[in-house]
**Student:** 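Structure in structure tokens, see below.
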Amino acid sequence: MTTTVSSKLPPLYHRFFPDFIENEIPAETIATCDDCVFCRQPQNPFINTKCCTYYPQMSNYLIGGLLQDTGWTEGKKRMRALIKSRKGVTPYGLIRPKGYDLLDKELRTLHPTDTGWTQMEVEALRCPFYDKGQCTVWAYREHCCSTHFCFSVGGKKGKQFWSLLNDYLILVEKELSKYALYQLGWDADKLLLEKPDCRNIVIDNPLGEINEEQYAALWGVWAGREEQLYAACYEIISQLDLDTFERIMGVNHQIYLAKLTHSKTQFQVPDIPEFLIYNRKIETETTKEGDIRYLSSDTYVVVSPLIHKLVEKFDGTRTYHSLSSLFIPFGIDFQKDYLLMLYLNNILIQKDA
Ligand code: SF4
Ligand code: SF4
């Protein structure tokens, strides 16, 4: 199953990558976000957030695009409330408010992987645009929200492709948001060359209180007219032609496109060997809900005890087709995608590997 790159990028960008977006890539049939892997068990602490425990750094022109759109009512309402609060609201777009940034760092130090989180901790980091499983700003989502997949059917190569695209979108957002401000007459002396964040722009404190003086200095004549600034930025970026875009991005555009095109050719779903063995070197633990968690080197996979029993039966003497059929009477349809996930995470390995 395949999809096109265009389906993964906000429409605003489509004309900047006319050929590249037509490329076919494997569909991420395991990280199916509408039917999120985190939401398949009611006791999962991420049940009310999915992986949207993240503060999106939407650029000025993406915010402007959202606010002028005739749809996305809930997202616009939330964005306007955020602009009113002024927390993390900058001319470049949204940055993490200081309080969120500190909490995020603290919790991720405490839990370096997705394990061990309480539901309360997870929900403290929920994105302000997340609404009952849906993204309320999807058509104007930023780099990470476009390219993050908790699992790639292409394994490491798939992850590399998404990571490269993410890096390029970060650069695009940084350059275009700055370009829009410059076109609006922003003082070049005041424009940041690096990616804006709560370390190089300080407008609120950990308690969420706004520093009035710094906020006024940052926004200048646009203070109080934030929405108009975002609309003006969108106006500029939405009318950019391809030549101007390429001129703004400079040589980076050609380099990234070449790298992405190469990476795409390596992004393929591997064939699963017919004869597989359960890799007993993989550490396992039993979760407090009684499920089995395999701890592979860079991620973990949780399965029910019944599936674990099936996994243990992989000893290289029978094909995966015949083993899978053993479990059909128990109501378990051991789909190929599932097998792929176990294979790519080294939980099932090729016989004689
Ligand atoms: S990427 Fe996020 S939303 Fe998509 S399936 Fe994975 S955890 Fe769920
Ligand atoms: S902007 Fe949308 S996709 Fe991104 S973290 Fe928020 S809810 Fe999730």
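For the single chain, residues carry numbers from 1 onward in sequence order. Whatever order the structure lists them in is the order used to number ligands and atoms, beginning at 1.
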**Student:** Using a strict 4.0 Å cut-off to heavy atoms of Ala31, name the atoms of ligand 1 that fall inside it.
**Tutor:** 5 (S)

**Student:** Is a side-chain donor or acceptor of Asn345 paired with a backbone partner of Ile347 at a separation under 3.5 angstrom?
**Tutor:** no

**Student:** Compute the ring centroids of Tyr278 and Phe314, then answer whether they are less than 6.0 Å apart.
**Tutor:** no

**Student:** What atoms of ligand 2 come within less than 4.0 Å of a heavy atom belonging to Cys145?
**Tutor:** 1 (S), 3 (S), 4 (Fe), 5 (S)

**Student:** Any idea which protein heavy atom is nearest atom 6 (Fe) of ligand 1, and the distance to it?
**Tutor:** Cys150 SG, 2.3 Å

**Student:** Quick one: look up the protein heavy atom nearest atom 8 (Fe) of ligand 2 and list residue, atom name and how far away it is.
**Tutor:** Cys52 SG, 2.4 Å

**Student:** Do me a favour and list the nearest non-hydrogen protein atom to atom 2 (Fe) of ligand 1 with residue, atom name and distance?
**Tutor:** Cys51 SG, 2.3 Å

**Student:** Determine yes or no for a side-chain-to-main-chain donor-acceptor pair under 3.5 angstrom, with Ser152 supplying the side chain and Gly154 the backbone.
**Tutor:** yes

**Student:** So that I know where these two stand, are His143 and Tyr168 an aromatic pair - ring centroids less than 6.0 Å apart?
**Tutor:** no

**Student:** Side chain, backbone, both or neither: which part of Thr136 comes within less than 4.0 Å of ligand 2 when only heavy atoms are counted?
**Tutor:** neither

**Student:** I'd like to check which ligand 2 atoms, numbered from 1 as shown, lie under 4.0 Å from a non-hydrogen atom of Cys127.
**Tutor:** 1 (S), 5 (S), 6 (Fe), 7 (S)

**Student:** Would you say the side-chain atoms of Lys195 pair up with the backbone N or O of Leu171, donor to acceptor, closer than 3.5 Å?
**Tutor:** no

**Student:** Distance under 6.0 Å and angle within 45° of the ring axis: does Arg86 meet both against Tyr215?
**Tutor:** yes

**Student:** Using heavy-atom distances only, which candidate in Cys33, Cys135, Cys36 approaches atom 7 (S) of ligand 1 most closely?
**Tutor:** Cys36

**Student:** Looking at Gln134, is its backbone amide N or carbonyl O close enough to the side chain of Trp138 to form a donor-acceptor pair, meaning the two atoms are under 3.5 Å apart?
**Tutor:** no

**Student:** In terms of atom number and element, which parts of ligand 2 are under 4.0 angstrom from non-hydrogen atoms of Val137?
**Tutor:** 1 (S)

**Student:** I'd like to check which ligand 1 atoms, numbered from 1 as shown, lie under 4.0 Å from a non-hydrogen atom of Lys50.
**Tutor:** 3 (S)

**Student:** State the atoms of ligand 2, each with its element, that fall below the 4.0 Å cut-off from a heavy-atom position in Tyr130.
**Tutor:** 7 (S)

**Student:** Less than 6.0 Å separating the ring centroids of Phe245 and His253?
**Tutor:** yes

